Amino acid sequence: MKNLNINVVFASVIAIIVAFIVSYKPENNTIYTTGKCIKKVQKDRFGITVTIKNLEKTTTDATRKTLNTYKEISEFLKTVQSENPDVQVETTEYTTNEKTRWNNKINIDENLGVESIISIAISTSKPEVLSDITFNFTRFNDVFTSKLNNFVSTEVYQKEKSDCLEDAIRDAKRQAEKLASAIGQKVGKMVHSDYRNYSTSSGGYYMAKAVRGMSANDTLELSPAEMFSGSEDISVSVDATFELK
């Protein structure tokens, strides 16, 4: 009997709360909802940074060697771009600094010389092209490759974010219409909105193929690496206020 009384009381409280919510109307006669959109976008660009680095006794010698290699690489990349216009090249660093090393025995910094550095960022939508470029750098002196990455191009990202924003707005309106219907009203125009967006990356792999032609009398022949595209999740959240009518 006690359980029955508790259930009846609980049901009555719920009924009162629901009745209050359904009949409730904000003073300014608006309704507030949050719409969301999450979209997975395939990464469409592959990039790598190539760095030319030389350490010499003088600034002149270090700069000369680095610039000579830079010119050679530039000519090589111009040829690549003529065959693949999609390839983008940008010089991202050009520095010359004194290089020192701490000597623990005599407790002073020893001057090692002058280090000249030039870095070039290269990207393309064709992973096989970037792979070939990377392996071709082995024929240049004092060249190092790093920062292999896979990303969504700015153009694609902006378009996908814009589309996702529209989806989030539609989602916010759908929710507002459901809530408005529950209190016997309809949704009018949107009077205010704020949105937030963020993205998270996943995937993106780099794997060197096995060495081909391995035998005692053969020269080792390296094949280009394989690259696998990852994806990026774009998430947009819209806080929207609609008129009720």
Side-chain angles (χ1 to χ4, degrees), residues 17-49 81 84-93 119-131 133 146-207 226-245:
I17 293 173
V18 171
F20 175 77
I21 292 174
V22 171
S23 62
Y24 173 73
K25 297 180 182 179
E27 291 182 4
N28 59 357
N29 207 38
T30 59
I31 193 165
Y32 170 87
T33 60
T34 298
K36 294 184 179 180
C37 167
I38 298 177
K39 177 178 290 193
K40 189 174 290 293
V41 181
Q42 197 73 14
K43 295 179 180 179
D44 62 324
R45 300 290 294 180
F46 296 83
I48 198 166
T49 296
Q81 285 182 299
N84 301 276
D86 170 74
V87 173
Q88 295 179 354
V89 178
E90 179 185 4
T91 302
T92 57
E93 180 184 7
S119 293
I120 306 168
I122 305 163
S123 70
T124 175
S125 63
K126 301 175 181 178
E128 68 278 7
V129 172
L130 188 63
S131 180
I133 291 172
S146 62
K147 298 180 181 177
L148 178 72
N149 61 344
N150 182 206
F151 57 96
V152 178
S153 62
T154 302
E155 296 80 8
V156 171
Y157 182 86
Q158 291 299 331
K159 181 184 181 303
E160 295 293 344
K161 187 181 76 170
S162 178
D163 291 346
C164 203
L165 176 58
E166 291 180 5
D167 289 344
I169 292 172
R170 283 191 286 267
D171 182 48
K173 189 172 183 180
R174 280 193 297 268
Q175 292 187 57
E177 289 171 342
K178 289 180 181 179
L179 293 171
S181 177
I183 56 176
Q185 290 190 282
K186 293 184 179 180
V187 171
K189 65 180 180 180
M190 183 169 63
V191 294
H192 180 75
S193 68
D194 291 305
Y195 85 94
R196 303 172 299 280
N197 73 278
Y198 63 90
S199 60
T200 56
S201 295
S202 61
Y205 303 94
Y206 178 86
M207 181 178 70
E226 288 183 352
M227 300 183 196
F228 303 95
S229 178
S231 62
E232 188 164 329
D233 289 337
I234 296 177
S235 177
V236 177
S237 179
V238 174
D239 298 326
T241 304
F242 297 90
E243 285 183 344
L244 288 175
K245 57 182 182 179

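The structure displayed is predicted, hence computed values, not measured ones.
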**Asked** Yes or no on side-chain contact (heavy atoms from CB on, under 4.5 Å) for I122 and I120, after CA distance, side-chain angles and deciding distance?
**Response** CA-CA 6 Å; I122 305 163; I120 306 168; 4.1 Å; yes
CD1 of I234 to NZ of K39, rounded to nearest 0.5 Å, is 7.5 Å
Name the atoms and distances for all side-chain donor-acceptor pairs under 3.5 Å in residues 238-245, with sequence neighbours left out.
residue	atom	partner	partner atom	Å
D239	OD1	Y32	OH	3.4
D239	OD1	T34	OG1	2.9
D239	OD2	R196	NH1	2.6

Residues at least two apart in sequence or cross-chain that pass side chain to side chain contact (heavy atoms under 4.5 Å, CB included) with N197, listed by chain then number, are Y157, K161, Y195, V236
Next item on the list: Decide yes or no on side-chain contact (heavy atoms from CB on, under 4.5 Å) for T154 and Q158, but give the supporting numbers first.
Entry: CA-CA 6 Å; T154 302; Q158 291 299 331; 4.2 Å; yes
Closest heavy-atom pair, K126 versus N84, reported as atoms and distance to 0.1 Å, is NZ-OD1, 3.9 Å
Are D171 and Q175 side-chain neighbours, meaning at least one heavy-atom pair lies under 4.5 Å? yes
NZ (K40) and OG1 (T200) are apart, to the nearest 0.5 Å, by 7.0 Å
Between the CD1 atom in I133 and the CD atom in E128, the distance rounded to the nearest 0.5 Å is 10.5 Å
Identify each donor-acceptor pair in which a side-chain atom of residues 176-184 lies under 3.5 Å from a protein atom, sequence neighbours left out, and give them as a table.
none

Value for OG (S146) from CD1 (I48), rounded to nearest 0.5 Å, stands at 7.5 Å
In terms of heavy-atom contacts, T92 and A121 come closest through CG2-CB, 3.7 Å
- Message: Quick one about D44 and S125 (side-chain donor to acceptor, distance below 3.5 Å, no hydrogens or angles considered), yes or no?
- Response: no
Closest non-hydrogen atoms of S123 and F151, given as atom of the first, atom of the second and distance, are CB-CZ, 4.0 Å
One should read off an interatomic distance between D86 CG and L130 CG, to the nearest 0.5 angstrom, of 10.5 Å
I'd like to know whether E160 forms a side-chain contact (heavy atoms from CB on, under 4.5 Å) with V152, so could you lay out the CA-CA distance, the side-chain angles of the two residues, the decisive distance to 0.1 Å, and finally the verdict. CA-CA 10 Å; E160 295 293 344; V152 178; over 6 Å; no
* Lys/Arg N to Asp/Glu carboxylate O, D167 vs R174, below 4.0 Å -> no
Q. Do K43 and S201 come close enough that some side-chain heavy atom pair is under 4.5 Å?
A. yes
Are side-chain N/O atoms of R45 and S153 paired as donor and acceptor at under 3.5 Å?
-> no
dist E93:CD -> T49:OG1 (nearest 0.5 Å) comes out at 9.5 Å
Closest heavy-atom pair, F46 versus P127, reported as atoms and distance to 0.1 Å, is CE1-CD, 3.6 Å
